[in-house]
Amino acid sequence: AAPGPIVGGWRIDSFTSLQHARDHEAAAIDHDGRTTGEPTAAEWRRAPPSIPRELASDDILRFPRGAAAGDCLHQLFERVDFADARQWPDAIAQTLAAHPQVLADLPAEQSPDLLPRMLQRLLADVLTTPLANGIVLSRIGRAHRLAEMGFTLPAAPLAAQTLNHWLQTRAYPVPRLDFIPLAGYLRGYIDLIFQHDGRFHIVDWKSNHLGYEPSDYAQDRLALAMAEHGYHLQYLLYTVAVQRYLRQRIADYDYQRHFGSVHYLFVRGVRPQWQTADNTGDSAGTCGVYSHRPTLACIESLDALLLGDGSGRAR
């Protein structure tokens with residue numbers, strides 16, 4: 001028999017549509033360049049930023065900004081084999097062919113040489129910088145990672161006011177949400193899920209340009225960026241999706257044993273040699289890395305809220 005009619009008003013939303021009241025499905029891939037308000041390459045050429053003279057020509061801080069650059073960097077991390085540096089030049093060439101970039105502050109003829117060097121240096125820095133609990137991504141083989149995992153979560157009717165209250169009572173700083181009540185499905189794509197020592201972790205690559213100094217990527221600056229762009233809500237939704245996924249695939253799934261942390265990598269500032277004196281957060285002292293492990297009670301409460309328990313009581 002033919003399926004029954006879909007209930008009127010049901011639709012597919014994403015984190016970006018909840019955060020910015022944007023058209024639902026078009027915003028399902030939440031690359032940071034779409035929400036940061038950073039200048040386009042053309043705008044950058046008209047009003048170039050003040051770049052320190054001592055900055056190396058192949059430093060990733062010279063890489064273009066904006067949505068197209070963000071897509072390029074995301075594609076590189078999706079394509080590359082973290083554990084095999086011999087393969088990186090080919091992955092870089094393929095990525096730049098698919099996502100061409102132009103260096104706004106240098107002659108165009110220099111871009112073909114400098115862009116691959118920038119990305120090679122970026123990979124070497126990001127993939128060798130220790131994350132929380134001593135995790136090093138260059139030791140994570142392809143068999144233990146899943147890139148761009150799409151998910152579609154059934155979601156009961158949920159009003160912005162309810163979600164605002166839920167976030168506020170749990171002290172997650174997020175800009176006030178104002179979206180048409182959600183009813184239907186919540187869709188998204190998680191940049192990376194990887195397994196380490198039996199636990200599954202979430203990674204989100206952020207290409208936001210926060211400045212040129214290590215202090216610009218210290219934990220206090222990352223906390224401001226996380227709050228300003230609503231990234232706390234983003235990773236909470238991702239964690240709910242991963243938990244539902246793992247429950248279906250691990251017979252004795254237990255959050256405390258099987259889930260690790262979320263890691264937001266502001267990749268322009270992630271370098272082994274960049275450390276600060278911060279002692280806040282789970283990634284104290286590591287520039288460009290924001291790590292956090294939501295409590296089980298928090299994730300179960302949000303899961304219940306999405307399933308229709310307006311109070312957000314855990315099951």
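All values derive from a computational prediction rather than experimental measurement.
Counting heavy-atom neighbours within 6.0 Å of R142 CZ, excluding the residue itself, gives a total above 12. Around CD of Q161, the count of heavy atoms belonging to other residues, nucleotides or ligands within 6.0 Å does not exceed 12.
Not counting sequence neighbours, D197 has no partner by the salt bridge (Lys or Arg N to Asp or Glu O under 4.0 Å) test. In this view, R271 and D59 satisfy the salt bridge (Lys or Arg N to Asp or Glu O under 4.0 Å) rule, not counting sequence neighbours. Remark: Y172 engages H292 in a side-chain hydrogen bond (donor to acceptor under 3.5 Å, both in side chains) (not counting sequence neighbours). For the ring pair (Phe, Tyr, Trp, His ring centres under 6.0 Å) test, no residue two or more places apart in sequence or in another chain qualifies with F266. Residues satisfying the side-chain hydrogen bond (donor to acceptor under 3.5 Å, both in side chains) test with Q273, not counting sequence neighbours, are none. With sequence neighbours left out, Y217 forms a ring pair (Phe, Tyr, Trp, His ring centres under 6.0 Å) with no residue at all. Listed by chain and residue number, nothing satisfies the ring pair (Phe, Tyr, Trp, His ring centres under 6.0 Å) test with F200 (two or more places apart in sequence, or in another chain). Taking the ring pair (Phe, Tyr, Trp, His ring centres under 6.0 Å) definition, one finds that Y245 meets it with nothing, sequence neighbours left out. Under the side-chain hydrogen bond (donor to acceptor under 3.5 Å, both in side chains) criterion, H258 pairs with no residue at all, not counting sequence neighbours. By the salt bridge (Lys or Arg N to Asp or Glu O under 4.0 Å) test, R86 pairs with D84, sequence neighbours left out.
Seen from the ring of F82, R145 counts as a face-on cation partner, given the 6.0 Å and 45° thresholds.
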Contacts table for residues 118-125: side-chain donor-acceptor under 3.5 angstrom, sequence neighbours left out:
{"from": "R121", "atom 1": "NH1", "to": "D58", "atom 2": "OD1", "distance (Å)": "2.8"}

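Side-chain N or O atoms of H209 include one that pairs as donor or acceptor with a backbone N or O of L61 at under 3.5 Å. E228 places no side-chain N or O within 3.5 Å of a backbone atom of V174 that could act as its donor or acceptor partner.
If you chain together hydrophobic residues whose side chains sit under 4.5 Å apart, L224 and V262 never meet in one group.
The CG atom of L158 sits 11.0 Å away from the CG atom of L307 when rounded to the nearest 0.5 Å.
Under the salt bridge (Lys or Arg N to Asp or Glu O under 4.0 Å) criterion, no residue pair touches residues 151-162, with sequence neighbours excluded.
Side-chain N/O atoms of Y264 and Q234 include a donor and acceptor closer than 3.5 Å. Inspection of the S261 and H201 side chains reveals no N or O donor paired with an N or O acceptor under 3.5 Å. Inspection of the Y253 and Q248 side chains reveals no N or O donor paired with an N or O acceptor under 3.5 Å. Residues R293 and Q256 have side chains that bring a donor and an acceptor to within less than 3.5 angstrom of each other.
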